[in-house]
K.L.:
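The structure that follows is given in the form of structure tokens.
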Amino acid sequence: MPISTLNLNIDHVRAEFPALASDFAFLDNAGGSLVLRRVADRIRDYLLTSSVQLGASYAHSQDASSKVLAARKAVAELINAPFDDEVVMGGATTALMFQVTHAILPSIEPGDEIIVTNTDHEANIGCWLRLQSAGAVVRFWNVNPQTLELDLPDLQAMLSSKVKWVAMTHASNILGTVNPVSEVAALVHAVGARLCVDAVAYAPHRLVDVQASGADLYVFSFYKVFGPHYAVLWGKRELLLSLASLNHYFITRETIPYKLQPGNVNYELSYGCIGICDYLVDMGSRLGSFGTPREKMQAAFAAFESHEDLLAARLLAFLASKQSVKVIGRTSVGDGGRVPTISFVVKGRSPESIVRHVDRFQIGIRFGDFYAKRLIESLGLHTQGGVVRVSIAHYNSADEIERLIRHLDEAIG
């Protein structure tokens with residue numbers, strides 16, 4: 001069954017990513033996306049022309065300061081933050097989550113409850129568990145083992161005035177399920193609690209809108225979204241102002257986001273992130289959008305989703321044709337409820353053996369638990385080495401999926 005594409009000029013898209021000039025099929029994109037030439041060019045430009053300390057009176061420093069501030073403003077527009085000083089950037093999602101929960105720690109009192117899910121990457125679990133040192137009680141909202149969904153009635157039964165925080169993923173990096181975070185936010189806020197959302201597996205496939213999410217904290221990594229190995233944490237302004245400073249003693253609570261960025265941001269990586277926004281706006285314009293930059297970004301992501309759904313549907317149809325294969329997650333696409341991160345197991349075959357067969361043909365997929373160890377263990381999949389995961393991005397082609405299917409067919413039998 002051939003795959004057709006809608007709207008997206010895949011040849012133009014692929015030309016934006018230098019790594020795609022090779023014959024290698026990159027299908028481990030949930031582990032880390034390819035990097036845009038625009039991003040790399042900006043990083044190079046900053047390092048070779050603006051690598052001075054910020055905040056001085058001389059012209060080069062003023063220029064460098066302007067570039068770093070422009071990056072923060074660009075990220076704020078990308079995620080639809082009301083204020084750019086709500087944008088906290090740092091090395092990775094895991095690092096930012098440990099930092100922000102450390103800043104939350106002084107506000108925790110014995111008996112305060114925190115709810116986490118067993119579907120999350122450990123980045124949005126382990127940091128909250130550390131608050132038990134202050135007397136917090138951490139409880140798990142567990143996935144339904146039959147439907148593999150997080151059931152809202154289960155969460156409602158756990159919510160009370162004791163709950164201070166709920167932490168969850170916007171999209172699972174194993175299941176691919178897009179969770180109803182805005183509905184969760186409404187339930188959480190109704191009992192006076194706050195919501196923290198990890199969007200690492202969501203942001204490469206949908207345009208982030210922190211305001212629409214209803215979250216109080218929202219975090220993801222740029223290296224999953226075509227950018228450098230860097231990350232962003234957004235928080236509501238009044239929340240960030242209330243948190244303890246993690247910086248030098250003279251950096252006060254009012255100094256956001258700097259108080260949550262000890263050592264400051266990485267200047268060149270911050271500046272490189274503007275390239276992500278430039279690419280999305282350019283793609284939206286090419287697709288015929290004449291609106292605001294965010295409207296152009298939305299047009300781009302709509303086309304990405306359509307293209308990704310076609311590729312994912314083809315792979316899921318192949319997997320469904322194999323009696324020995326079990327997909328771990330939803331088996332269909334098209335309603336917006338799934339990203340193209342597809343995990344599966346094969347009866348009688350280890351995930352490692354499947355992946356190592358595919359490795360021989362210049363195709364990159366992966367096996368393991370992907371740091372969602374609690375989910376893999378709860379589903380009893382750890383004993384066989386986790387799952388096989390194929391994670392598609394919008395720059396992948398129909399030919400690459402057909403190539404993958406041909407060699408998976410050999411491996412599965």
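Heads up: numbering here begins at 1 and tracks the sequence.
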K.L.:
Assess, by modelled atom type and distance only, whether the side chains of Glu305 and His205 contain a donor and an acceptor separated by less than 3.5 Å.
P.N.:
no
K.L.:
Looking only at side-chain N and O atoms, does Lys67 offer a donor or acceptor that is under 3.5 Å from a partner on Ser50?
P.N.:
yes
K.L.:
Assess whether salt bridge (charged side-chain N to carboxylate O under 4.0 Å, His left out) is satisfied between Glu77 and Arg294, documenting all intermediate values.
P.N.:
CA-CA 7 Å; Glu77 183 168 52; Arg294 268 196 67 83; over 6 Å; no
K.L.:
Any non-hydrogen side-chain atom of Ile79 less than 4.5 Å from a side-chain atom of Val87?
P.N.:
yes
K.L.:
Scan side-chain atoms only and decide if Ser221 and Thr93 contain a donor-acceptor pair under the 3.5 Å cut-off.
P.N.:
yes
K.L.:
Quick one: does NZ or CZ of Arg389 land under 6.0 Å from the six-membered ring centre of Phe370, within 45 degrees of the ring axis?
P.N.:
yes
K.L.:
Show every side-chain hydrogen bond (donor to acceptor under 3.5 Å, both in side chains) that has at least one partner inside residues 356-374, sequence neighbours left out.
P.N.:
Asp28-Arg366, Glu122-Arg374, Glu352-Arg356, His357-Arg360, His357-Glu410, Asp369-Lys373
K.L.:
Could you give the distance from CG (Leu319) to CD1 (Ile412), rounded to the nearest 0.5 Å?
P.N.:
6.0 Å
K.L.:
Quick test of your reading of the model: are Asp282 and Arg286 salt-bridged, counting only N-O distances below 4.0 Å?
P.N.:
yes
K.L.:
Can you find a heavy atom in the side chain of Ile342 that is under 4.5 Å from one in the side chain of Ile328?
P.N.:
no
K.L.:
Between Asp278 and Arg38, does any side-chain N to carboxylate O distance fall below 4.0 Å?
P.N.:
no
K.L.:
Can a donor-acceptor pair be found between the side chains of Asn179 and Tyr202 at a distance below 3.5 Å?
P.N.:
no
K.L.:
Answer whether the closest heavy-atom distance between the side chains of Leu310 and Arg314 falls below 4.5 Å.
P.N.:
no
K.L.:
Side chains of Asn124 and Val116: closer than 4.5 Å at any heavy-atom pair?
P.N.:
no
K.L.:
I'd like to know if Arg37 and Glu16 make a salt bridge, using a cut-off of under 4.0 Å between side-chain N and carboxylate O.
P.N.:
no
K.L.:
If you define the side chain from C-beta out and look only at heavy atoms, does anything of Ser289 sit under 4.5 Å from Ser285?
P.N.:
no
K.L.:
Among side-chain atoms of Asn396 and His307, is any donor-acceptor pair under 3.5 angstrom?
P.N.:
no
K.L.:
Side chains of Gln53 and Tyr267 only: does a donor on one sit below 3.5 Å from an acceptor on the other?
P.N.:
yes
K.L.:
Using a 6.0 Å distance limit plus a 45 degree cone around the ring axis, check whether Arg42 lies over the aromatic ring of Tyr271.
P.N.:
yes
K.L.:
Would you say the side chains of Asp63 and Ser66 form a donor-acceptor pair under 3.5 Å?
P.N.:
no
K.L.:
Answer yes or no: is there a side-chain heavy-atom contact under 4.5 Å between Thr119 and Leu148?
P.N.:
no
K.L.:
Is the distance from the ring center of His394 to that of Phe226 below 6.0 Å?
P.N.:
yes
K.L.:
Could you tell me whether Asp409 and Lys322 have a side-chain N and a carboxylate O separated by less than 4.0 Å?
P.N.:
yes
K.L.:
With a 4.0 Å cut-off, would you call Arg44 and Glu268 a salt bridge?
P.N.:
no
K.L.:
Would you check if the distance from the ring center of Phe17 to the ring center of Tyr279 is below 6.0 Å?
P.N.:
yes
K.L.:
Checking Ile115 against Trp165 for the side-chain contact (heavy atoms from CB on, under 4.5 Å) test, could you report, in this order, the C-alpha distance in whole Å, the side-chain angles of both residues, the deciding distance, and whether it holds?
P.N.:
CA-CA 6 Å; Ile115 297 172; Trp165 282 95; over 6 Å; no
K.L.:
If we only count heavy atoms from C-beta on, is the Phe344 to Leu408 side-chain gap below 4.5 Å?
P.N.:
yes
